Amino acid sequence: MAANNHTSVETFQLGPFVVPRIWTGLWQLSSSAWGSPSVSQIRQGMKRHVERGYTSFADHYGSAEIIFGQFKGSLSDASCVIGATKWCVFKNISPTREVVEAAVRERLDRMQTRRIDLLQFHWQMYENKGYLTALQELEQLRHEGLIAAIGLCNFDSIRTDEICTQLGPGVVVSNQVQFSLIDTRPLHGMSDVCMRHQLKLLTYGTLCGGFLSDQWFHQPEPDAYTAHLTPSQRKARYLDMIKAWGNWKLFQKLLALLRVIGDRHGGLSIANIATRWVLDHEFVGAVIIGARLGLSEHSDDNLKVFGWSLTDDDREEIESVLSLSKGRKIITTIGDCGAEYR
């Protein structure tokens, strides 16, 4: 189906919510290296996103929880605006009721709310099975009304399957993991887990920190310390992923093909095509795209992702380039989803 002028935001069911298939990532609020807009500018940026149908926001970095909570609290009708935050456990802890509830109430206080819309849970050390106990406690707090929905963050396929099997259907609604044309690890196990347990992925890194865009077409390979790189690119996470996938020459070949496909669909951007490729997978609920609210936003361009799908020919041509890469081997060299953080 070719692209058209239809710009209605696509939605899907996530727990008790109907949410858009593009979420706004707030990780740029973690550091002034992204720029320093005022809180007022950030709130105005949030307002613009909501007006365009981007009603879901994600991530807890820096002051993100506080600013989002203030923004949502200022709305006359905030029922459609959803905020996802995280509880990340990096240390070896005993997740008692008191520990888990304290973590949840800290989130509630920062977001100035009585209920967390989506609490995404990350557990660093798999050898400590306490993640199952922690999730059972979170489920109890959900029943008590402190949490509306529970998600995972950077859990691998084995642990995600284990959690969903032990906790039962509907307890966990999502898993946030990296997924893109470059990082296709969710296709090797995670997709089956999602379909088996009716779980949806919330994906990040879909544009590889902005590398999958027209801005990098016909550009030389950057150095990780080049001044004009964004913080995500500069810390080499996405640049390293491209190098693990193949090389810069092959990456440019992929960008060239995406540019051709974009033109075929009426002049869509490379980012549009890369995003649509991810969204066309049934197990993907939404992609999370970062925005430097108040400084650099792409909400209008992102709307062009909706209302169409890639054709079989598009997908076959993309696969012809991906088959030349080492993308299918990344899961063996880096590990399954989330392994890059462990």
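Please read these numbers as outputs of a predicted model, since none were measured by experiment. Positions are given from 1 along the sequence.
In terms of hydrophobic clustering, with Ile, Leu, Val, Met, Phe, Trp and Tyr side chains grouped at heavy-atom distances under 4.5 Å, I288 and I150 are assigned to different clusters.
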Task: CA sep, side-chain torsions, deciding dist, call: R328, E319, salt bridge (Lys or Arg N to Asp or Glu O under 4.0 Å) - done: CA-CA 11 Å; R328 300 295 186 260; E319 181 56 35; 2.8 Å; yes
TODO: In sequence, state the C-alpha distance, the side-chain angles, and the governing distance for F251 and F217, and then conclude on ring-ring contact (aromatic ring centres under 6.0 Å, His included).
DONE: CA-CA 9 Å; F251 182 66; F217 186 33; 10.0 Å; no
TODO: Check the pair E10 / R276 against salt bridge (Lys or Arg N to Asp or Glu O under 4.0 Å), numbers first and verdict last.
DONE: CA-CA 12 Å; E10 295 174 12; R276 190 69 243 181; 2.9 Å; yes
- [ ] Go through R107 and E65 one step at a time and tell me if the salt bridge (Lys or Arg N to Asp or Glu O under 4.0 Å) criterion holds.
- [x] CA-CA 8 Å; R107 308 273 76 73; E65 287 175 318; 2.4 Å; yes
Task: Candidate pair K72 and D117, rule salt bridge (Lys or Arg N to Asp or Glu O under 4.0 Å), full reasoning - done: CA-CA 12 Å; K72 187 171 182 178; D117 298 326; 2.8 Å; yes
In residues 131-138, what donor-acceptor pairs under 3.5 Å come from side-chain atoms, sequence neighbours left out?
residue : atom : partner : partner atom : Å
Y131    : OH   : K129    : NZ           : 3.2
Y131    : OH   : E162    : OE1          : 2.5

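The pair R264-E317 counts as a salt bridge, with a side-chain nitrogen and a carboxylate oxygen less than 4.0 angstrom apart. Salt bridge absent: R185 and D156 never bring a charged side-chain N and a carboxylate O closer than 4.0 Å. Between E106 and K86, none of the side-chain N atoms (NZ, or NE/NH1/NH2) sits under 4.0 Å from a carboxylate O, so this pair counts as no salt bridge.
Using cut-offs of 30° and 60° for the angle between ring planes, the F121 and W87 rings count as tilted. Classified by interplanar angle (parallel below 30°, tilted 30° to 60°, perpendicular above 60°), the ring pair W277/H281 is perpendicular.
Checking D313 against T311 by side-chain atom types alone, no donor-acceptor pair falls below 3.5 Å.
Nearest heavy-atom pair across W248 and Q219 is NE1-O, 2.8 Å.
The ring-ring contact (aromatic ring centres under 6.0 Å, His included) test applied to F57 returns F68, not counting sequence neighbours.
Note: Y341 and F90 fail the aromatic proximity criterion, with ring centroids not under 6.0 Å apart. Separation of the Y238 and W245 ring centroids does not fall under the 6.0 Å cut-off.
Looking at R105, R114, R97 one by one, the single match for salt bridge (charged side-chain N to carboxylate O under 4.0 Å, His left out) with E144 turns out to be R97.
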